[in-house]
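Read through the structure below, which is laid out as structure tokens, and then see the notes.
Nothing here was measured: the structure is a model prediction, and the numbers come from that model. Just so you know, ligand 1 is whichever comes first in the structure, and atom 1 is the first atom listed for that ligand.
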Amino acid sequence: YPNIKISIMGQGGSGKSATVIKFVQNHFVEEYDPTIEDSYRKQLKVNEKIYMLDILDTAGCEYYWGMRAQYIKETNIFILLYSITDKSSLQLLKDQEYRDILRGVVEEQEYSIIVVGNKQDLENEREVATKEGEEFAEEIGAYFVESSAKTDDLVPLFEKIVTFHLDG
Ligand code: GDP
Ligand code: MG
């Protein structure tokens with residue numbers, strides 16, 4: 001099957017691992033070691049075609065060393081994830097993670113960026129308005145979505161993400 005490499009980046013605690021594990025294994029993790037960096041594989045059918053997704057769940061922000069550097073270079077879809085309950089997590093994407101992508105993508109493959117506002121279920125703790133996430137995504141030409149690793153089925157989310165990547 002055609003392979004699509006995805007890297008998920010963003011501030012620790014914003015829900016990267018919970019999002020990846022919910023999508024791949026269909027359960028919500030309440031606690032996950034924030035230092036674990038791992039990659040996952042899952043087949044996904046999009047528009048009647050099956051793709052093999054390789055997903056790197058990053059931890060920390062040293063994107064340039066060892067195996068990870070190579071993976072980042074070959075990434076087709078970058079998911080920049082923040083938590084709607086934490087302003088600083090969106091700020092980190094603006095200040096750091098997006099710039100890092102541009103610096104790290106030295107090979108000329110086509111790539112897409114998706115901005116995900118996670119923890120949408122925690123509406124009463126919201127610190128980031130939907131519009132702020134939308135505006136950042138628009139600035140960088142990214143697709144934008146809010147979601148919840150806790151309460152959402154994330155298969156439709158990844159279908160949308162891959163569709164956006166394939167259709168541009
Ligand atoms: P990471 O450091 O970005 O990988 O963050 P984790 O996936 O480890 O999540 C950090 C904490 O937030 C954990 O306690 C998760 O259970 C919790 N969490 C992650 N996503 C959500 C979500 O969508 N809703 C809620 N309520 N909690 C979440
Ligand atoms: Mg994690």
Side-chain angles (χ1 to χ4, degrees), residues 4-42 44 53-72 74-104 111-134 136-137 140 142-162 164:
I4 298 178
K5 277 192 155 69
I6 300 177
S7 295
I8 181 159
M9 300 156 122
Q11 184 166 286
S14 50
K16 298 180 296 295
S17 301
T19 295
V20 173
I21 291 167
K22 179 68 175 280
F23 168 59
V24 173
Q25 298 170 2
N26 200 30
H27 64 91
F28 175 65
V29 287
E30 290 286 351
E31 292 297 335
Y32 190 75
D33 184 337
T35 65
I36 292 179
E37 180 160 286
D38 211 346
S39 63
Y40 300 81
R41 307 196 88 192
K42 189 180 169 84
L44 186 71
L53 308 188
D54 271 318
I55 307 173
L56 177 69
D57 174 25
T58 68
C61 49
E62 306 277 304
Y63 295 122
Y64 313 108
W65 307 106
M67 283 168 57
R68 196 202 308 203
Q70 191 56 38
Y71 195 98
I72 300 280
E74 294 170 351
T75 291
N76 305 112
I77 301 176
F78 291 96
I79 297 178
L80 298 183
L81 185 142
Y82 67 93
S83 167
I84 67 152
T85 65
D86 184 353
K87 262 185 199 301
S88 71
S89 66
L90 177 59
Q91 196 57 45
L92 183 81
L93 298 185
K94 295 180 178 177
D95 295 344
Q96 182 74 48
E97 312 283 5
Y98 175 58
R99 214 181 51 219
D100 283 355
I101 288 176
L102 299 184
R103 217 175 356 173
Y111 65 89
S112 308
I113 304 179
I114 316 293
V115 175
V116 173
N118 188 44
K119 305 199 187 184
Q120 195 189 23
D121 56 293
L122 299 177
E123 190 55 46
N124 55 342
E125 294 172 39
R126 182 187 280 275
E127 283 186 3
V128 182
T130 303
K131 200 158 182 286
E132 293 174 58
E134 249 165 29
F136 170 59
I140 65 172
Y143 182 77
F144 174 74
V145 67
E146 282 187 351
S147 71
S148 165
K150 186 168 188 174
T151 58
D152 290 355
D153 176 0
L154 296 186
V155 172
L157 173 69
F158 276 79
E159 285 169 355
K160 276 189 221 157
I161 287 173
V162 172
F164 172 79

Protein contact to atom 7 (O) of ligand 1 [nearest heavy atom, distance to 0.1 Å]: Ala18 N, 2.8 Å

For Ala59 against Pro34, the heavy-atom pair lying closest together: CB-O, 3.3 Å

Closest contact, heavy atoms only, Arg126 versus Gln120: NH2-CG, 4.5 Å

Cation over ring face, Lys160 and Tyr143, 6.0 Å, 45°: no

Shortest protein contact, atom 20 (N) of ligand 1 (heavy atom only): Asn118 ND2, 3.0 Å

Close side-chain approach of Leu44 to Ile4, heavy-atom, < 4.5 Å: no

Atoms in ligand 1 with a heavy atom of Glu30 nearer than 4.0 Å: 13 (C), 14 (O), 15 (C), 16 (O)

Pairwise side-chain contact, Ser7 with Ile79, heavy-atom cut-off 4.5 Å (strictly under): no

Polar proximity ligand 1 side, Gly15 side, N/O cut 3.5 Å exclusive: yes

Those atoms of ligand 1 less than 4.0 Å from some heavy atom in Gln11: 3 (O)

Ligand-side contact atoms (ligand 1) for residue partner Gly12, heavy atom cut-off under 4.0 Å: 2 (O)

Note, Ser39 side chain near Asp54 side chain (heavy atom, < 4.5 Å): no

Ligand 1 contacted by Gln120 (non-hydrogen, < 4.0 Å): no

Pair Asp57-Ser17, side-chain donor/acceptor within less than 3.5 Å: yes

Residue part near ligand 1, for Asp57, under 4.0 Å between non-hydrogen atoms: neither

N, O or S from Tyr32 under 2.8 Å to the Mg ion (ligand 2): no

Closest non-hydrogen atom pair, Arg41 against Val24: O-CG1, 4.2 Å

Among Ser17, Ser83, Ser148, Ser147, closest by any non-hydrogen atom to atom 4 (O) of ligand 1: Ser17

Polar atom proximity, Thr19 to ligand 1 (N or O, under 3.5 Å): no

Residue and atom name of the nearest protein heavy atom (relative to atom 8 (O) of ligand 1), distance in Å to one decimal: Tyr32 O, 3.8 Å

Atoms in ligand 1 flagged as close to Ala149, the criterion being non-hydrogen separation under 4.0 Å: 20 (N), 22 (C), 23 (O)

Minimum-distance protein heavy atom relative to atom 27 (N) of ligand 1: Phe28 CZ, 3.7 Å

Enumerated ligand 1 atoms positioned under 4.0 Å from heavy atoms of Val29: 15 (C), 16 (O)

Proximal atoms of ligand 1 relative to Leu122 (non-hydrogen, under 4.0 Å): 26 (N)

Phe144 to Gly117 - nearest heavy-atom pair and separation: CE1-N, 4.4 Å

Lys119, any N or O under 3.5 Å of ligand 1 N or O: yes

Salt bridge present between Lys131 and Glu134 (N-O < 4.0 angstrom): no

Atom 10 (C) of ligand 1 - nearest protein heavy atom and its distance: Gly13 O, 3.5 Å

Non-hydrogen atoms of Asp86 and Ser89 that approach each other most closely: O-OG, 2.7 Å

N or O contact, Asp121 vs ligand 1, cut-off under 3.5 Å: yes

Distance-minimising heavy-atom pair for Ile114 and Ile161: CG1-CG2, 3.7 Å

